[in-house]
Structures are given as structure tokens and as C-alpha cells.
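Heavy atoms only: backbone and side chains are in, while hydrogens, waters and symmetry mates are out. Note that the coordinates shown come from a computational prediction; the quantities given were computed from them, not determined experimentally.
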Amino acid sequence: MGDLGLLIVAVSLFVRGHELLSHPLRAPLVRAVGEKGFLGIYAVVALGSLFWAVELWKDVPPDRLWEAPGWAYLAALPVMLLAFILFVGSVTAPNPALMGGGVPGAAGVRGVQNITRHPMMWSFALWAVVHMVLSADSRTLVLAGGILVLALFGSAMQDGKKRAADPGYGAHMARTSFVPFAAQLSGRAPLASAWPGAVASGGGLLLWAVVLWAHPLVLGVPALQLAR
């Protein structure tokens with residue numbers, strides 16, 4: 001099996017491991033080893049498989065399946081800014097869509113939850129789409145594609161699991177949207193509610209600027225460019 005084949009195996013393990021540990025295996029493992037023990041197993045599987053995938057990604061020679069147009073590089077800038085805002089907002093406020101993220105409705109819908117009830121997963125999904133389109137190589141399609149599938153499929157699975165466990169979560173789903181800005185565009189929420197808040201906006205902007213600066217230093221590829 002070549003390096004690309006091994007990368008596919010590693011990414012599949014990463015995605016499948018999350019799926020199994022988040023749903024069918026979670027309850028029996030928690031009963032067997034406790035919540036902390038389960039979190040340890042989850043971390044080992046998730047980080048281990050991701051580390052293996054990234055190391056394999058480095059070994060696969062880059063190719064070029066298509067040339068992204070210049071406008072795609074410009075469009076990627078605001079998309080990545082939104083991704084960073086969603087990520088910062090997801091880690092600076094409780095989110096009922098996450099395990100242990102609080103009771104739906106206890107503090108109302110706020111911040112980036114008004115944009116999407118899965119801000120962290122959508123931040124990963126947006127990152128994946130941008131890198132798949134602009135990198136346009138086989139290894140990145142496999143790695144970023146796996147992250148994209150995990151982010152969106154995992155979010156949908158989480159909605160079903162949370163709604164079954166807590167009837168109040170259905171009301172939270174009705175007040176929010178899965179797809180970013182869908183609640184505002186459909187008229188279910190006012191346009192002003194899309195404001196993510198000062199912390200998420202400022203933190204996301206700072207992180208976006210740092211990554212733009214550090215990208216060529218760390219990866220050897222400039223993030224800010226119009227075309228190859």
C-alpha cells in the first residue's frame with residue numbers, strides 16, 4: 001500500500017473512531033472506566049489517529065489536480081475569518097450542542113450560536129473546504145475531506161443524540177440553524193442577531209491575522225496570495 005493509501009486508512013480511522021466513541025461506544029466505556037477514563041481513551045484515539053494522518057500527509061508527494069482561480073484566494077480570506085470567529089466564539093461561551101455544554105435555553109441563544117448552533121464544527125468545515133479548493137492536491141483532499149465529513153456528519157449526529165436525550169434541545173434547534181446564517185436568511189431570526197459579539201470578533205480577527213503572518217513560516221506556503 002502506498003503513502004496515499006495509508007493516509008486514507010489513517011483518516012478513516014480518525015473519522016470512524018470519533019463516530020464510534022461519540023455514539024455507540026460512549027455509554028459502555030463510561031460505565032467501564034468512568035467519565036475521565038473515557039475522555040482519556042477518546043483523546044488517545046483522536047489525537048493519535050490525527051497525528052498519524054498528518055505525518056502521512058507530509059510523506060505523500062504533493063500533486064495538482066486543478067488550478068484555483070485568483071478570486072478563490074480572495075474569497076478564502078473572509079471565509080477563514082468567519083471560521084476563526086466561529087472557533088473563538090465556540091471556546092469562549094458554553095454551547096448546548098456540545099456534550100457538557102449547558103442546558104438549552106438556560107442562558108438563551110447568544111454569540112456565534114446565533115450564526116450556527118455548531119460553531120466549532122463549522123469552523124473546521126470551512127477550514128477544510130478552503131484548503132481542499134486552494135491546495136487541490138490528493139493528500140489534502142483526503143485529510144481535509146475527512147475533517148469536513150467528521151465536522152458536518154458529527155454535528156448532525158450530535159443533534160439527533162441531544163434531541164433524544166433532552167426534549168428541550170428541540171426548542172434550541174428551532175431557535176438556531178445548522179447551516180451558518182440560515183436562521184437570518186430564512187427570517188426566523190433578525191439580521192442583527194448574526195453579530196457574534198466583541199470577544200469572538202476580536203479574538204477571531206487576531207487569530208486570523210496571526211495565521212496569515214505565520215502560515216509561510218510554519219508551512220512554507222503563503223496564505224495571502226491571489227494565484228499560484
Side-chain angles (χ1 to χ4, degrees), residues 14 18 21-22 26 35-36 38-40 42-43 46-47 50-51 54 76-131 144 147-148 150-159 161-163 165-166 168-185 188-215 218 223-224:
F14 173 67
H18 273 77
L21 289 174
S22 297
R26 180 184 177 89
E35 187 69 30
K36 290 184 178 180
F38 167 78
L39 292 176
Y42 191 97
L47 295 178
L50 180 59
F51 177 80
V54 171
L77 294 175
V79 173
M80 285 306 303
L81 175 58
L82 174 60
F84 285 124
I85 289 173
L86 292 176
F87 179 78
V88 171
S90 72
V91 299
T92 54
N95 185 356
L98 298 177
M99 297 305 297
V103 179
V109 180
R110 57 183 181 179
V112 293
Q113 295 171 40
N114 284 296
I115 298 175
T116 171
R117 62 178 169 273
H118 294 285
M120 180 177 288
M121 293 297 100
W122 270 100
S123 72
F124 297 154
L126 293 175
W127 172 91
V129 169
V130 165
H131 285 76
I147 293 174
L148 176 64
L150 177 62
L152 298 186
F153 179 73
S155 297
M157 292 286 289
Q158 188 74 349
D159 275 346
K161 183 177 180 179
K162 294 278 286 188
R163 181 168 53 185
D166 181 2
Y169 189 75
H172 178 69
M173 293 178 64
R175 292 192 299 267
T176 57
S177 62
F178 183 86
V179 177
F181 303 109
Q184 288 79 22
L185 294 176
R188 291 191 292 116
L191 292 177
S193 67
W195 167 244
V199 173
S201 298
L205 181 60
L206 177 60
L207 187 57
W208 177 78
V210 169
V211 170
L212 283 179
W213 170 78
H215 205 279
V218 177
L224 181 59

Would you say the side chain of [Y] lies within less than 4.5 Å of the side chain of [X], judging by non-hydrogen atoms?
X      : Y      : result
Arg163 : His172 : no
Phe181 : Leu82  : yes
Asn114 : Thr176 : no
Asp159 : Tyr169 : yes
Phe87  : Trp122 : no
Leu205 : Leu81  : yes

Could you give the distance from [atom1] ([X]) to [atom2] ([Y]), rounded to the nearest 0.5 Å?
X      : Y      : atom1 : atom2 : value
Lys162 : Met173 : NZ    : CE    : 12.0 Å
Met80  : Ser123 : CE    : OG    : 8.5 Å
Arg26  : Phe38  : CZ    : CZ    : 4.5 Å
Ser155 : Met120 : OG    : CE    : 10.5 Å
Phe153 : Gln158 : CZ    : CD    : 12.0 Å
Leu207 : Phe84  : CG    : CZ    : 4.5 Å

Between the main-chain N or O of [Y] and the side-chain N or O of [X], is there a donor-acceptor pair closer than 3.5 Å?
X      : Y      : value
Ser201 : Ala198 : no
His131 : Trp127 : yes
Gln184 : Ala192 : no
Trp208 : Leu77  : yes
Arg117 : Val112 : no
Ser193 : Ala189 : no

Set out, in order, the CA-CA distance, both residues' side-chain angles and the distance that settles side-chain contact (heavy atoms from CB on, under 4.5 Å) for Val179 and Thr116, then state yes or no.
CA-CA 6 Å; Val179 177; Thr116 171; over 6 Å; no
For [X] versus [Y], what's the shortest heavy-atom pair and its separation?
X      : Y      : answer
Leu152 : Phe178 : O-CZ, 3.6 Å
Ile115 : Pro196 : CD1-CB, 4.1 Å
His18  : Ala46  : CE1-CB, 3.4 Å
Ala128 : Ala144 : CB-O, 3.3 Å
Val88  : Ala200 : CG1-CA, 3.9 Å

CH2/Trp195: more than 12 non-hydrogen atoms of other groups inside 6.0 Å
yes
